[in-house]
Amino acid sequence: MRIVVTGGAGFIGSHVVDLLVARGDEVVVLDDLSTAGAAPRPDDGRVRHHRLDIADEAAAEVVRAFRPEAMVLLAAQASVKVSMRDPLLDARTNVTGLINMLEAARQAGARKVVFASSGGTVYGTPAASELPIAESHPHRPLSFYGLTKSAASGYLRVYREQYGLSYAALALGNVYGPRQRPDGEAGVVSIFAGRMLAGLPCVINGDGETTRDYVHVRDVADAFVRAVDRGEGDINIGTGVETSVREIHRTLDEVLGLGHRPQFGPPLAGEVARVALDPARAAEQLGWRPTVGLVEGARSVCDWLRAEAYGALEPAS
């Protein structure tokens with residue numbers, strides 16, 4: 001199958017590309033390399049890379065020329081903090097870029113798009129009785145990032161209704177795992193692990209009791225590949241389990257055996273208090289279930305950071 005993967009050199013995208021190539025698909029990657037998670041796989045008979053912004057016409061031209069049967073849309077401005085500082089930047093990538101790719105998909109005759117939505121931001125803060133959150137829960141985003149992801153669901157539905165372009169919007173929990181950069185603004189598991197290994201302090205925003213549904217990138221990549229062939233509409237990809245930031249810190253400290261103590265800072269604007277995603281629909285539509293537990297997943301992050309000798313962080317003197 002011919003498949004375009006936007007953001008295919010990034011953290012999640014590089015894992016998705018690996019699985020698609022392994023099963024024999026022909027892949028074109030569109031990525032501006034602004035947040036690449038690893039050195040891109042070399043171009044060969046199965047994969048070709050184009051360093052392009054998804055909001056640019058040149059990216060749409062590549063899609064139309066390739067004529068993919070499916071597209072996996074992962075490229076995004078993915079930081080809540082950045083979106084609150086610069087909502088125009090957030091909207092350019094997450095709305096204008098999305099529309100540019102959907103138009104290109106329609107014009108190229110693609111049959112399906114698989115989109116990376118955000119289960120941690122589009123639903124807002126649910127009541128305790130509403131956890132884990134099902135796909136029927138109303139969208140009540142508290143950040144501009146969550147708002148753009150929520151708006152994307154509407155665009156996807158209209159493109160399906162008006163043009164017959166099938167879609168699956170995978171509402172992701174907090175994805176973590178190897179290739180997630182520890183020097184970014186998102187990805188608390190990788191950030192904390194990187195700082196612990198460098199002997200630097202970890203700052204917990206607020207009281208550390210905010211929760212997220214942490215799901216390993218190996219499971220997430222598997223969900224995207226499954227969704228190329230099956231599943232329709234909004235689908236949660238999570239574990240159904242809440243894990244606090246304090247627990248993440250504690251788990252990493254136990255894996256590394258450092259006796260590390262966190263520091264505490266002010267809470268973040270627009271941050272959702274609690275998240276857990278009901279994965280029942282993913283099991284029904286994709287035959288998908290999470291397989292990687294938190295301790296195993298945390299260890300995989302630490303092992304990758306050590307193996308890469310990640311140089312973005314300066315060790316404490």
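By convention here, the first residue in the shown sequence is residue 1. Please read these numbers as outputs of a predicted model, since none were measured by experiment.
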Inset, instruction - Check whether L20 and V29 end up in the same hydrophobic cluster, where Ile, Leu, Val, Met, Phe, Trp and Tyr are linked by side-chain heavy atoms less than 4.5 Å apart. - result: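 Yes, L20 and V29 fall within the same hydrophobic cluster.
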Legend entry - Parallel, tilted or perpendicular: ring planes of Y159 versus Y163, cut at 30 and 60 degrees: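 Rings of Y159 and Y163: tilted, as their planes differ by 30° to 60°.
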Cut-off 3.5 Å, no hydrogens considered: what does the side-chain donor-acceptor table look like for residues 132-142, sequence neighbours left out?
residue: E135; atom: OE2; partner: N236; partner atom: N; Å: 2.7
residue: H137; atom: NE2; partner: E130; partner atom: OE1; Å: 3.4
residue: H139; atom: ND1; partner: S150; partner atom: OG; Å: 2.8

Legend entry - Q77 side-chain N/O to S79 backbone N/O, donor-acceptor pair under 3.5 Å: yes
Legend entry - Check: D90 main-chain N/O paired with T93 side-chain donor or acceptor under 3.5 Å: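 No, T93 side chain to D90 backbone: no donor-acceptor pair under 3.5 Å.
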Between [X] and [Y] (salt bridge meaning N to carboxylate O under 4.0 Å), is one present in this structure?
{"X": "D56", "Y": "R92", "answer": "yes"}
{"X": "R179", "Y": "E308", "answer": "no"}
{"X": "E57", "Y": "R64", "answer": "yes"}

Legend entry - No-hydrogen, no-angle side-chain donor-acceptor test under 3.5 Å, S190 and Q180: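 On atom types as modelled, these side chains do not qualify, holding no pair under 3.5 Å.
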Below 3.5 Å, can you tabulate the donor-acceptor pairs from side chains in residues 196-204 to any protein atom, sequence neighbours excluded?
none

Legend entry - Q285 vs R230 side-chain heavy atoms within contact, under 4.5 Å: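 No. Closest side-chain heavy atoms not under 4.5 Å.
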Inset, instruction - If a pair satisfies salt bridge (charged side-chain N to carboxylate O under 4.0 Å, His left out) and one of its residues is in residues 280-299, list it, with sequence neighbours excluded. - result: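 Every pair satisfying salt bridge (charged side-chain N to carboxylate O under 4.0 Å, His left out) with a residue in residues 280-299: R218-E296.
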